[in-house]
Structure formats: C-alpha cells, structure tokens
Amino acid sequence: MMEKLSANEYDLNYSSVLERFNNAVLKSPLEKKDIILLAATKTVDVDTINYAVQNGISYIGENKVQELLSKHGKTNAPHNHFIGHLQTNKVKDIIDKVEMIQSVDSLKLAKEISKQAQKHGICMDILLEVNIGGEESKWGFKPEETENAVSEISKLGGVHIFGLMTIPPICETKEENRKYFQKMYKLFIDIGAKKIDNSSMNILSMGMSDDFDIAIEEGANLVRVGTALFGKRNYNI
Ligand SMILES: *Cc1c(COP(=O)(O)O)cnc(C)c1O
C-alpha cells in the first residue's frame with residue numbers, strides 16, 4: 001500500500017482535478033453534460049477512499065479482484081465499478097459486489113458474467129473494452145469487431161451493455177491520445193445508432209490522470225482518475 005496521503009494533500013489534488021475537469025466539461029461535445037469522475041482506487045487505503053467519498057467522489061473503481069475483496073464492506077462509495085482485466089474464474093467472486101464491470105474484453109468473459117448474474121438473479125451492467133490502438137499486448141475487442149461483439153453479447157441473459165471503455169496506447173504526449181479518443185467516440189456513436197436490442201451506448205469510459213481532460217473534450221462521459229487524485233503509487237502490490 002502507498003504511504004497515507006494527508007487530507008490536505010488530497011484536498012489540493014482534488015481541487016486541481018476538479019478545475020481541469022470543469023474546464024474540459026465546457027468543451028464536451030455531448031448534449032447531456034453529466035460526466036462522471038470515477039476515482040481509480042488501486043493501492044489506496046480504505047480511510048483515504050472514504051475521505052474522498054465524503055468530499056465529493058461517488059464512483060470508485062478497482063482493477064484487481066483480490067484488492068476489491070479486501071476493501072469490500074469497508075469503503076462507503078455508493079457506486080463500485082470493476083475496471084481491470086477479469087479472469088473468468090473470478091467472476092463469481094465479484095458478481096454481487098460491483099454495479100458495473102467496465103472491462104469486458106472477450107465473449108468468454110461476457111458469457112461467464114451472464115451465467116453468474118443469472119445464478120444471482122441480477123442483471124449486471126457492463127461496458128465492452130475496446131483495444132483502440134490495435135496493440136498486440138492489450139486486452140479488448142478490436143475496433144472492427146466491436147459492433148459484432150455488442151450484437152452477440154446483447155443476446156445473453158443477465159447482462160446489459162451500457163457502453164464502451166478503452167485504455168489507449170501509452171503516448172509521449174497527452175495530445176497524441178486525442179486521435180484514439182476521437183476514434184472511440186465515432187465507434188460509440190456509430191454503434192449507438194444501430195440501436196441493438198438490450199444494449200445502450202450511454203457510457204463512454206476513457207481518459208486517466210494525464211489525459212482525462214482531452215478525453216472529455218472528445219466525448220468521454222466517464223473518466224477514471226487515480227494518480228492525479230491520490231499521488232504516485234507503487235503498482236506492483
Ligand atoms: C489505474 C487505472 C486508472 C487510473 O490511472 P491513473 O493514470 O493513475 O489516473 C484508470 N483505469 C484503469 C483501468 C486503471 O487500472
């Protein structure tokens with residue numbers, strides 16, 4: 001775990017994130033400008049998370065199952081999302097502990113979520129993760145196969161596709177990501193226009209600490225921010 005952040009440090013980080021966020025929202029192309037600031041809380045201790053929640057954060061996201069389970073029941077955010085790569089054999093561990101799984105990156109994973117959700121008598125909201133840079137090493141659907149994936153997965157019971165999520169390639173400058181965000185927004189709009197049953201293109205989740213303002217300018221309505229809120233941390237826990 002990281003060193004505990006002081007309340008004062010968090011307050012300063014949060015206000016500078018909010019300033020960037022609010023400026024970017026003014027430039028959002030979306031008609032409905034209700035844009036979600038989700039705190040990516042990996043390695044962040046429970047007290048710090050709860051402090052953030054008391055002070056305005058209502059969406060949090062974890063990217064590892066074990067860490068999510070260790071904090072479950074101790075954090076008090078009203079909205080809990082899973083945002084990391086999820087192995088199919090771990091779906092059962094989190095199915096009743098999150099309200100959305102943002103990182104559905106294969107048909108196999110979607111089928112397992114469908115199965116476990118039906119077992120629990122619930123409907124899980126999901127986003128499909130798109131590998132927008134077409135990188136060999138990345139999880140997610142290729143842009144050209146995403147529409148077909150939406151069609152297939154929308155036929156499964158126990159899941160509702162709510163939109164798309166992406167982690168673009170690591171670029172030298174944050175401006176370089178703009179073209180990937182533009183590509184994602186186009187895909188989001190195009191698939192939404194198809195009005196595929198049991199799917200809605202409501203959420204476009206893209207943008208992290210370095211580039212969330214650019215993502216919002218290009219149409220994101222959910223950004224996932226960690227470092228800019230909580231400081232640099234050791235990712236290898
Ligand atoms: C850690 C993480 C983020 C936040 O990244 P920062 O650069 O720390 O803001 C966003 N999305 C996912 C999936 C993550 O794992």
Side-chain angles (χ1 to χ4, degrees), residues 1-3 5 9-10 12-21 24 35-45 48-49 52-53 56-71 75 77 79-87 90 94 98-106 109 125-133 135 137-141 162-178 180-181 184 203-218 220-237:
M1 289 274 163
M2 60 178 241
E3 300 259 315
L5 198 70
E9 282 170 309
Y10 176 80
L12 287 171
N13 290 347
Y14 184 53
S15 60
S16 64
V17 166
L18 272 190
E19 190 182 330
R20 277 173 67 195
F21 182 88
I35 295 171
I36 295 169
L37 172 62
L38 175 142
T41 48
K42 60 173 162 273
T43 77
V44 181
D45 62 276
T48 305
I49 295 172
V53 170
I57 292 291
S58 53
Y59 288 79
I60 65 171
E62 288 288 345
N63 66 324
K64 292 217 168 79
V65 168
Q66 202 189 355
E67 192 176 347
L68 184 147
L69 296 177
S70 77
K71 294 174 185 174
T75 53
H79 304 284
N80 289 275
H81 290 192
F82 192 78
I83 62 175
H85 175 62
L86 180 57
Q87 288 172 284
K90 299 212 171 133
I94 67 160
V98 293
E99 80 176 7
M100 182 180 281
I101 298 172
Q102 292 202 7
S103 40
V104 176
D105 53 15
S106 70
L109 176 60
D125 289 337
I126 60 173
L127 305 182
L128 299 200
E129 180 168 351
V130 181
N131 177 0
I132 196 65
E135 295 164 281
S137 60
K138 274 258 167 71
W139 304 107
F141 296 97
F162 236 81
L164 305 177
M165 171 281 201
T166 198
I167 305 173
I170 295 169
C171 292
E172 289 279 305
T173 66
K174 58 183 204 168
E175 266 302 320
E176 284 176 66
N177 274 341
R178 192 181 289 277
Y180 294 114
F181 295 144
M184 277 300 293
I203 293 192
L204 180 56
S205 171
M206 59 184 190
M208 310 197 283
S209 288
D210 286 340
D211 54 20
F212 71 82
D213 30 18
I214 294 181
I216 291 171
E217 287 171 27
E218 299 303 336
N221 59 4
L222 189 153
V223 293
R224 310 176 309 268
V225 179
T227 312
L229 287 172
F230 302 110
K232 282 224 187 312
R233 50 237 157 117
N234 175 13
Y235 284 84
N236 306 315
I237 58 158

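Both ligands and their constituent atoms are indexed starting at 1 by order of listing.
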Side chain, backbone, both or neither: which applies to [X] and ligand 1 if a contact is any heavy-atom pair less than 4.0 Å apart?
X    : value
Q102 : neither
A40  : side chain
V225 : backbone

TODO: Give yes or no for whether the N/O distance cutoff of 3.5 Å, strictly under, is met between G226 and ligand 1.
DONE: yes
Just jot down the ligand 1 atoms closer than 4.0 angstrom to any heavy atom of [X], in number order.
X    : answer
I83  : 11 (N), 12 (C), 13 (C), 14 (C)
T227 : 6 (P), 7 (O), 8 (O), 9 (O)
N63  : 15 (O)

TODO: Answer yes when D213 and R20 have at least one side-chain N-carboxylate O distance shorter than 4.0 Å, and no when they do not.
DONE: yes
So do [Y] and [X] actually touch side chain to side chain, heavy atoms under 4.5 Å?
X    : Y    : result
E218 : R178 : yes
L38  : R224 : yes
E99  : N80  : no

TODO: Name the orientation class of the two ring planes belonging to H79 and Y59 (parallel below 30°, tilted from 30 to 60°, perpendicular beyond 60°).
DONE: parallel
Task: Audit row: K138, E135, salt bridge (charged side-chain N to carboxylate O under 4.0 Å, His left out) steps and yes/no - done: CA-CA 5 Å; K138 274 258 167 71; E135 295 164 281; 2.9 Å; yes
Open item on the list: Could you work out, for atom 6 (P) of ligand 1, the closest of S209, A228, G231, S205 by heavy-atom distance?
Closed with: S209
